[in-house]
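So the structure is just underneath, and the comments pick up after that.
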Amino acid sequence: MLVNKKEKLQYRKNQFIRFLKSRTGKAAAGVCAAAIVLIAGIYTWNKGSLTREGLALCRQGDYAEAQTVFKNAVIADNMDPDNYVHLGIACLGSSEYEDAKKQFQLALNLDEENQEAYRGMGIAAYKTGDYEGAIEYLNRALDYSGINIGKMEYDILWYRADAEKALEDYEAASVTYSALLELEGDTALIRCFRGTMYCCLGDKEKAMEDFDAAVKKKGNGYELFWNIYDSMDQAGWREEAVEYLKLTEQPGYVDSDTAGSGDEVRRYQGMIDYICGDYKKAIERLSGDTLKKDEKAQEYLALAYEMNGDSAKALSIYLEQVGADNADADDYNRIARYFIRCGQGEQAVIYLEQGISSFGKSDLQDLYYNMITAFESCGDYDGALDALKTYVSLYGEDDAAKHEQAFLKERVS
């Protein structure tokens, strides 16, 4: 007689062992083993099928449906960190950054060395404005890169550079671009980005060294030269900036295969003509009917008309832009700055007020700043001071605000 639970379990165990040793038991064990192998194979195939389907949907941009597929993968196996990583990536694609963070954290709970999960956390942090957190997670992702350096590591470094730029840590960003040059190769794009960081640091020699190397690469289009011009000009080196634009007129610098369509080429050439002071040539290139819907081309066409003494045509373009169904805050800024240049601050204020009442806060900073200069242009310094106080209350006391404060201090009693 079995007197306790332990003895009962031992009895059943002995019976099972004797059964396995028998001919019938051996046959049954073989069937079970075969079934287990078959089920494992079906499970592995099904899991792979869900992963392939979900990743294909991500490539197609259908992130909502991809989430559904990856959620089913999680249900099928909630102990596989890759399922959470894939679901997190789909959430990133849908701009659901907090949900993405949750999925990547679940992956890290299962595998604390999961490089893709750290990368995902870094991207989610970057997208939500947590740049310091983004750098921390991206660095953790690099810690688990292993021996082989590939696309994953390049991608992580690009995001880290973006986060460093957002923090205005241009020295750190230049170091990251240097790492990319070592790992990815000496490309015009990386040279251009690093040169821009040197511009921000005020190092003209290093900036021009990178820009000179960039423009000598094969396959460059107009955009590269325009970006170099912008970086040099903002650093205060306008003369040198214009010289880079002039290189586009020389053979061998712009690749016809990457220059863009005919309209894109005319737009860039017209913009360069304007910057170089040839306003009549800029008007000729930018006046084509096919460029009437090109906002950038129209912006520079209006400026060229203005500089060529035809204010009426310039104003007609500005009015057409603010009257369009797809008008944005930039359009209102442009027409306001036109009136400020013409000394018609009152008209500028009208359009700035219209713009402020029409768009979201994220688009309004330039409008609020231009409101200050609009009041100044018509001699209303008390109005300018009130506009400055409003600007500071919304956006803080940045360098532009400090400049205006110094200007108005001498003019307001």
So Y222 and Q269, side-chain hydrogen bond (donor to acceptor under 3.5 Å, both in side chains) or not? Walk me through it.
-> CA-CA 8 Å; Y222 283 98; Q269 289 176 337; 3.1 Å; yes
Decide yes or no on side-chain hydrogen bond (donor to acceptor under 3.5 Å, both in side chains) for Q234 and D230, but give the supporting numbers first.
-> CA-CA 6 Å; Q234 289 178 30; D230 273 342; 4.9 Å; no
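With ring centers used as reference points, F193 lies under 6.0 Å from W158. For Y244 and Y229, the ring centers are positioned 6.0 Å apart or more. Residues F375 and Y381 place their aromatic rings such that the two centres sit no closer than 6.0 Å. For F359 and Y332, the ring centers are positioned less than 6.0 Å apart.
Relative ring orientation between Y395 and Y368 is described as tilted, the plane-to-plane angle lying within the 30° to 60° band.
Judged as a side-chain hydrogen bond (donor to acceptor under 3.5 Å, both in side chains), and not counting sequence neighbours, the contacts of D398 are Y391.
For the pair K101 and E98, the salt-bridge criterion is met [side-chain N within less than 4.0 Å of a carboxylate O]. K246 has no carboxylate O lying under 4.0 Å from a charged side-chain N of E249, or vice versa, which leaves the two without a salt bridge. Using a 4.0 Å cut-off between a side-chain N of Lys or Arg and a carboxylate O of Asp or Glu, D186 and K217 qualify as a salt bridge. A salt bridge does not link R337 to E306: none of the charged nitrogens lies less than 4.0 Å from a carboxylate oxygen.
We find the CD1-CG distance between I123 and D155 to be 5.5 Å, quoted to the nearest 0.5 Å. Rounding to the nearest 0.5 Å gives a distance of 6.5 Å between OG1 of T373 and OH of Y369. To the nearest 0.5 Å, atom OH of residue Y118 and atom CD1 of residue I156 are 12.0 Å apart. Rounded to the nearest 0.5 angstrom, I335 CD1 and I350 CD1 are separated by 10.5 Å. How far CG of L352 is from CG of N370: 6.0 Å, rounded to the nearest 0.5 Å. In this structure, M307 CE and Y300 OH are separated by 12.5 Å, a value rounded to the nearest 0.5 Å.
For the 3.5 Å distance criterion, the side chains of Q67 and S94 qualify, holding a donor opposite an acceptor.
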